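Each remark here refers to the structure printed beneath this line.
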Amino acid sequence: MDAKQRIDQLRAELHRHNYNYYVLNAPEIPDKAFDDLMRELQDLEAAHPEYMDPNSPTQRVGSDLSKNFTQVAHKYPMLSLGNTYSESEVADFYERVRRGLEGEDFEICCELKYDGTSISLTYEDGRLVQAVTRGDGVQGDVVTDNVKTIRTIPLVLHGDYPPSFEIRGEILMPWESFEALNREREAREEPLFANPRNAASGTLKSQNSAVVAARKLDAYLYYLLGEDLPGDGHYENLQAARAWGFKISEHMRKARTLQDIYDYIHYWDTERKNLPVATDGIVLKVNSLRQQRSLGYTAKSPRWAIAYKFQAERARTRLNEVTYQVGRTGAVTPVANLDPVQLSGTVVRRASLHNADIIEGLDLHLGDMVYVEKGGEIIPKITGVDTEARDGSLGEKVRFISRCPECGTPLVRYEGEAAHYCPNDTACPPQLKGKIEHFISRRAMDIDGLGPETVDLLYQKGLIRDVSDLYKLRVEDLKGRERMGLKTAENIISGIAASRAVPFERVLFALGIRFVGETVAKKLARAFGSIDALRRADMQALTDVDEIGDRIAQSITAYFANPLNRALVERLEQAGLQFSRTEEDMAGQTDRLAGQTVVISGVFARHSRDEYKALIEKHGGKNTGSISAKTSFILAGDNMGPAKLEKARKLGVRIVGEDDFLQMIDES
């Protein structure tokens, strides 16, 4: 047997053993025998790189190469489901389906609603070719390399599968992996993940697929799409997909009556707590694909499916202490420290109290027995106090602090806001680190290689105190630090250097001026053209800019009135950042859409939705998300929502196609 034949044989055998172990939970060989086969294949592939295959079992370990994700449009939009929280609303859904099908018999497929991050997988000729996140439902990030590390997702199929199809599902972090990950992060004094969904989502978007492989994600697949599916039944198609190698939930059931649905809900409302992964409800789908097409869609969700969300789980435990956290903006959040209690599959020790009004409304005392909930399996919160359990040993009343717990500055509360703030935004450590984290983020300066953990390390070592210090760093300052080799250090310094080319509007957003988000930063950059003009602007000049009100204008003038902020901007200017609009940035700017408000709807062939938003702004127009009498026109692509179409017709709003729009702005 030559090397190519043996490589093919080993790959087929290892794919089969992976399927048996991770999907069927029925291994045929000991772990050592599996490892020996894997090692033999790795050695052969290393000796014969000409036979490299991206879907080889050896590729599941992941790569430590850093990469940026690209976005692609979904062939079929990934819509969200309508939510319901009561059985009466389930009955309403059932009746709507019955009426919509004009009395025709139908079945409902009942499925568990897994609480993870949605994924779309495309297979061609039985091989995984692309994995894309949900994104905004119209387009998502390509995460194929990371998904290949998940053992329950087949790289190569077996059986009688269609030549091309898409299958969707949920990527999850099992409770066991979640608890282990948070224990590791706690030991390293890193921020804990709030829940398995956040952990799975954060892991899937990691720039290092070796990290993804180490965190032992799982996946359940729940919807098949394509032109050549096995049959008309959604349930039956998924059973066929199970035979091709996919992990399909064994807990799906078909219901023919409303009572069948209720029985399924009642059973899983309790039994879900014994599952190895997080769930937050039930999904109900009309089983027939033909009937699904007949029922159609609203603007946001299918009419043939709905999600029933379980009521939040509640637990009773003792309040021991209230501590306070300071965020990037200076907002101070009270946190309840509790006796450990089991809730929705995790041990809860802390819960958010949100603000001073919540504390006062609960009339909290140290030692109180309190009720804790996790609505939708998210961060726990205290929802009530068992006042009948109070006795003579009750501690003092909880009162919101008056000074910052980090720097001692007196707190302030702005008119109309529930939160208290530390105003010391130039010297309070959590605010300084938060400002740096905001500055380096993707939508701001987008500095590759830097993250919260690295920022904290550099801050603790005294290498950075504000964002201008980033531009003084050298490779020698970084290499040899914890988890930082020469290559990582070089990548960080290169990323910092590259950020000098980031355009003015994003630099302005990166400064973190209160109330100046991405959209406001764009408007200010275009209205004033440079940081010098902006800092000279008075209240009248600022509020003359579209959508800039008194609150934003006051925040901007207060920012530049602070000599420490002015000095920071000067240091950043000296570091070479873009503090004025360039000729290239202004090139092609027109007023062709001046005064016009545009709604974007549908899927486009020539540009992404974000690119069209940028084109509208470039030509003086304004983007908005909803149709009203003030809408000038709708830029419509394929699959425009029927509700938007109907509203546009009622209001007489013009609909403009993609090609006509490009001609309108002379960019065809």
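These numbers come from a predicted model, not from an experiment.
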Check your understanding: Can you list every salt bridge (charged side-chain N to carboxylate O under 4.0 Å, His left out) pair that touches residues 69-93, not counting sequence neighbours?
Key -> none

Review point. Do any N or O atoms from the side chain of Tyr123 and from the backbone of Pro154 form a donor-acceptor pair under 3.5 angstrom?
Key: yes

Point to revise | Partner residues of His354 under the ring-ring contact (aromatic ring centres under 6.0 Å, His included) criterion, sequence neighbours left out | key: none

Review point. How would you list, by chain and number, every residue that makes a ring-ring contact (aromatic ring centres under 6.0 Å, His included) with His251, sequence neighbours excluded?
Key: Trp268

Check your understanding: Are more than 12 heavy atoms from other residues, nucleotides or ligands located less than 6.0 Å from atom CZ of Arg390?
Key -> yes

Check your understanding: Which of these passes salt bridge (charged side-chain N to carboxylate O under 4.0 Å, His left out) with Glu104: Arg290, Arg99, Arg98?
Key -> Arg290

Review point. Is a side-chain donor or acceptor of His365 paired with a backbone partner of Asp363 at a separation under 3.5 angstrom?
Key: yes

Study note, to complete from the structure: Shortest non-hydrogen pair, Val347 vs Glu179, comes out as N-OE2, 3.8 Å

Review point. Which pair of heavy atoms, one from Leu221 and one from Ile248, lies closest together, and at what distance?
Key: O-CD1, 3.5 Å

Check your understanding: Counting heavy atoms not belonging to Glu176, are there more than 12 under 6.0 Å from its CD?
Key -> no

Check your understanding: Which residues satisfy the side chain to side chain contact (heavy atoms under 4.5 Å, CB included) test with Gln259, sequence neighbours excluded?
Key -> Thr257, Tyr262, Asp263

Review point. In terms of heavy-atom contacts, does CZ of Arg318 have more than 12 from other residues, nucleotides or ligands at under 6.0 Å?
Key: no

Check your understanding: Would one find more than 12 heavy atoms of other residues, nucleotides or ligands at under 6.0 Å from atom CZ of Arg443?
Key -> no

Exercise for review: Tell me, yes or no, whether the heavy-atom count around Lys254 atom NZ, taken from other residues, nucleotides or ligands under 6.0 Å, exceeds 12.
Suggested key: yes

**Study point:** Pairing of Asp218 and Lys247 as salt bridge, 4.0 angstrom limit
**Key:** yes

Study note, to complete from the structure: side chain to side chain contact (heavy atoms under 4.5 Å, CB included) filter on Ile359, not counting sequence neighbours, yields Tyr324, Pro334, Leu353, Val398, Phe400

Point to revise | Donor-acceptor contact below 3.5 Å, side chain Ser120 vs main chain Val132 | key: no

Review point. Has the side chain of Asn146 got a donor or acceptor atom that lies under 3.5 Å from a matching backbone atom of Leu204?
Key: yes

Point to revise | side chain to side chain contact (heavy atoms under 4.5 Å, CB included) partners of Val341, counting only residues at least two apart | key: Ala315, Thr317, Val348

Review point. Sequence neighbours excluded, which residues qualify as side chain to side chain contact (heavy atoms under 4.5 Å, CB included) partners of Ser88?
Key: Ser86

Review point. Sequence neighbours excluded, which residues qualify as salt bridge (Lys or Arg N to Asp or Glu O under 4.0 Å) partners of Asp260?
Key: none

Practice item. Output yes when a side-chain donor or acceptor of Lys113 lies under 3.5 Å from a complementary backbone atom of Ala307, and no otherwise. Key: no

Study note, to complete from the structure: For Ser288, the side chain to side chain donor-acceptor pair (under 3.5 Å) test, sequence neighbours excluded, returns Asp232

Study note, to complete from the structure: Residues pairing under ring pair (Phe, Tyr, Trp, His ring centres under 6.0 Å) where one sits in residues 196-225, two or more places apart or in two chains, turn out to be Tyr114-Tyr220, Tyr223-His234, Tyr223-Trp304

Practice item. Tell me, please, which residues at least two apart from Lys285 pass salt bridge (Lys or Arg N to Asp or Glu O under 4.0 Å). Key: Glu111

Point to revise | Pairs flagged by salt bridge (charged side-chain N to carboxylate O under 4.0 Å, His left out) wherever residues 153-167 is involved - sequence neighbours left out | key: Glu166-Arg168

